[in-house]
Amino acid sequence: MSAHDQAAAAILAQIALAADGAVLGLALAYVAVRSILKFTFTSSALRQISKAPSLRVADLRTLLDCSEPHDSSNQSDGKLVVVRGVVEAKSAVDGNWKGFRPNVLVSHESGEKGVVLQTTQTCIYNEWRGFLGWTSDLRALFAKSWKEQESTSLRMVPFVLVDSDWRPQADYVVVNMDGSRHPLPLTTVFHQLQPVNATPYTFLQALFGHEYPVGLLDEERILPLGKDISAVGICSLKNGIPEIKSCKDLPYFLVDMTKDQMVVELAFRTKILFWSGIVLGSLSIGILGFAAVRNWNRWKEWRHQRQQQQSRASSNNVDVHVDDDEAGDAPDGALCVICLMRRRRSAFVPCGHLVCCQRCALSVEREAAPKCPVCRQAIRNSVRIYDS
């Protein structure tokens with residue numbers, strides 16, 4: 001780790017441990033709550049996928065026709081199923097003159113055909129501190145998220161899922177991608193990094209410690225024809241044709257995994273989220289409790305000191321009444337042992353020593369652990385002694 005990263009880590013550590021770790025406790029509590037929420041979402045998805053039937057495309061129509069409206073497992077707009085099939089363009093099953101011209105997408109670089117084509121161009125930046133470049137510690141810590149800027153274009157055509165032994169006029173299920181934000185099982189067909197030629201402006205950027213581009217990463221990902229995938233979603237009959245669409249309550253839609261693999265992955269993720277939520281929640285409660293006790297004790301100590309300061313300030317403003325005989329001449333044996341200026345007038349309780357004037361006796365009482373200046377015994381207060 002460089003010195004710059006060490007400084008950034010030190011600053012973050014100081015922020016996290018501020019207020020006796022209260023900030024760290026709140027951060028852990030936030031992560032724990034997020035883990036519990038994700039655990040709830042994942043466990044719900046695990047139960048739904050475990051109960052969903054797994055079948056081939058040819059069996060879909062039979063299942064949908066047999067589903068009755070009063071069936072408890074039947075949803076308002078279809079039935080949750082896991083369908084395993086092969087990707088095929090919808091134009092290949094239309095059965096009209098458009099079928100002679102398959103509506104597919106072709107990769108510009110590799111020439112492979114598919115139904116989804118994602119083109120990404122990422123600009124990779126580098127940073128040199130230079131002679132006059134002093135970047136902030138937080139920027140150095142989060143530089144990875146700032147040093148890449150990408151532009152992505154996604155194109156797709158209507159496609160369906162068919163059985164591996166599909167033939168024309170056979171059953172198929174239409175994939176409805178409307179409203180789906182689930183990741184797609186795309187295959188990388190082109191990946192190339194091109195260096196960026198340096199310019200005089202690039203040299204100035206590097207000299208003053210600014211980010212400057214060093215390369216362009218071009219990538220093409222495609223959902224090819226004939227790819228064997230699983231679709232997890234709500235399936236229903238639309239105009240007599242099975243159609244499947246994504247479910248927002250599930251983390252999957254189109255995936256390479258089978259149903260058993262999805263169940264195993266969700267079960268493992270559920271355990272991780274559950275125990276991480278428990279552990280992080282316990283740590284956050286302990287840290288927040290420790291911080292609360294420490295800050296409460298500090299507040300009580302500050303309040304006690306504040307009261308002492310106020311009492312001392314008020315006592316300094318009150319003039320102690322000094323009798324004429326206390327301020328007057330007195331023999332050496334009758335003078336206060338502390339100030340040696342005034343007559344002895346106050347006796348300490350419980351020791352009973354009459355060795356201080358009234359003003360010095362009050363000063364001794366205000367100490368944190370007041371003791372008699374003669375016998376060093378702890379005292380409770382003092383008593384003014386008057387001559388008859």
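Not measured: the values here are computed from a predicted model. Index from 1, following the sequence.
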Participant: With the side chain counted from C-beta on, respond yes when Thr122 and Glu219 share a heavy-atom pair under 4.5 Å apart, and no when they do not.
Facilitator: no

Participant: Please check this pair: side chain of Ser284 against backbone of Leu28, looking for a donor-acceptor N/O pair closer than 3.5 Å.
Facilitator: no

Participant: Hey, any chance Phe41 and Ile36 share a hydrophobic cluster, counting ILVMFWY side chains that come within less than 4.5 Å of each other, even indirectly?
Facilitator: no

Participant: If we ignore hydrogens and angles and just use 3.5 Å, is the side chain of Arg342 paired with the main-chain N or O of Cys356 as donor and acceptor?
Facilitator: no

Participant: Please determine whether residues Leu273 and Trp275 belong to a single hydrophobic cluster, defined as Ile, Leu, Val, Met, Phe, Trp and Tyr linked transitively by side-chain heavy-atom distances below 4.5 Å.
Facilitator: yes

Participant: If you measure from OG on Ser107 to CZ on Arg221, what distance do you get to the nearest 0.5 Å?
Facilitator: 13.0 Å

Participant: Can you hop from Met156 to Ile244 via hydrophobic side chains spaced under 4.5 Å?
Facilitator: yes

Participant: Quick check: closest heavy atoms across Val263 and Leu46, and the distance to 0.1 Å?
Facilitator: O-CD1, 3.6 Å

Participant: Kindly indicate whether the side chain of His191, heavy atoms from C-beta on, has any atom under 4.5 Å from the side chain of Leu217.
Facilitator: yes

Participant: Would Val31 end up clustered with Val279 when hydrophobic side chains under 4.5 Å apart are linked, directly or stepwise?
Facilitator: yes

Participant: So which atom in Asn176 and which in Phe253 form the shortest heavy-atom distance, rounded to 0.1 Å?
Facilitator: O-CZ, 3.8 Å

Participant: Is it the case that the side chain of His182 and the backbone of Leu250 share a donor-acceptor pair, with hydrogens and angles ignored and the cut-off at 3.5 Å?
Facilitator: yes

Participant: Scan residues 249-259 for pairs that pass salt bridge (Lys or Arg N to Asp or Glu O under 4.0 Å), counting only residues two or more places apart or in two chains.
Facilitator: Lys227-Asp256

Participant: Kindly give the heavy-atom pair with the smallest separation between Ile229 and Pro185, and that separation in Å.
Facilitator: CG2-CG, 4.0 Å

Participant: Do Val57 and Val162 come within less than 4.5 Å of each other through their side chains, counting heavy atoms only?
Facilitator: no

Participant: Does the Glu365 side chain pair with the main chain of Ser382, one donor and one acceptor, at a distance under 3.5 Å?
Facilitator: yes

Participant: With distance as the sole test, does Ser44 use its side chain to make a donor-acceptor pair with the main-chain N or O of Thr40 at under 3.5 Å?
Facilitator: no

Participant: Would you give the length of the straight line joining atom OG1 of Thr120 to atom CD of Gln118, rounded to the nearest 0.5 angstrom?
Facilitator: 4.5 Å

Participant: Measuring from Ile385:CD1 to Leu354:CG, what's the distance to the nearest 0.5 Å?
Facilitator: 6.0 Å

Participant: Determine whether Ile241 and Tyr172 make a side-chain contact, defined as any pair of heavy atoms from C-beta on separated by less than 4.5 Å.
Facilitator: yes

Participant: What's the separation between atom CE in Met177 and atom CZ in Phe159, rounded to the nearest 0.5 Å?
Facilitator: 5.0 Å

Participant: Report yes if the side chains of Leu55 and Val83 come closer than 4.5 Å at any heavy-atom pair, otherwise no.
Facilitator: yes

Participant: Any side-chain to backbone donor/acceptor pair from Arg344 onto Leu335? Under 3.5 Å, distance only.
Facilitator: yes

Participant: Let me confirm one number: the CD-SG distance from Glu243 to Cys235, rounded to the nearest 0.5 Å.
Facilitator: 8.5 Å

Participant: Before giving the answer on side-chain contact (heavy atoms from CB on, under 4.5 Å), spell out for Leu266 and Ile49 the whole-Å C-alpha distance, their side-chain angles and the decisive distance to 0.1 Å.
Facilitator: CA-CA 9 Å; Leu266 288 177; Ile49 293 179; 3.6 Å; yes

Participant: Starting from Tyr386, can I reach Val383 by hopping between I/L/V/M/F/W/Y residues whose side chains sit under 4.5 Å apart?
Facilitator: no

Participant: Does any non-hydrogen side-chain atom of Thr119 lie less than 4.5 Å from one of Phe190?
Facilitator: no

Participant: Taking all atoms of both residues into account, what is the closest heavy-atom pair of Leu288 and Leu26, and its distance?
Facilitator: CD2-N, 3.9 Å

Participant: Please report the C-alpha distance between His304 and Lys300 in whole Å, then the side-chain angles of each, then the deciding distance to 0.1 Å, and finally whether the side-chain contact (heavy atoms from CB on, under 4.5 Å) criterion is met.
Facilitator: CA-CA 6 Å; His304 179 67; Lys300 290 196 300 184; over 6 Å; no

Participant: Would a distance-only check, ignoring hydrogens and angles, find a side-chain to backbone donor-acceptor pair under 3.5 Å from Thr42 to Phe39?
Facilitator: no

Participant: If you round to the nearest 0.5 Å, how far is CD of Gln121 from CG of Asp218?
Facilitator: 4.5 Å

Participant: Is it true that Asp171 and Arg56 have a side-chain N and a carboxylate O under 4.0 angstrom from each other?
Facilitator: no

Participant: Under a plain distance cut-off of 3.5 Å, with no hydrogens placed, do Gln358 and Arg345 share a side-chain donor-acceptor pair?
Facilitator: no

Participant: The criterion is side chain to side chain donor-acceptor pair (under 3.5 Å); which residues satisfy it with Asp59, sequence neighbours excluded?
Facilitator: none

Participant: What are the two closest non-hydrogen atoms of Val106 and Leu117, and how far apart are they?
Facilitator: O-CD2, 3.9 Å

Participant: Looking at side-chain heavy atoms only, is the closest gap between Lys245 and Ser180 below 4.5 Å?
Facilitator: no

Participant: Determine the minimum heavy-atom distance between Arg84 and Met257, stating which atoms define it.
Facilitator: NH1-O, 3.1 Å

Participant: State, with a plain yes or no, whether a side-chain heavy atom of Val87 is found less than 4.5 Å away from one of Leu161.
Facilitator: yes

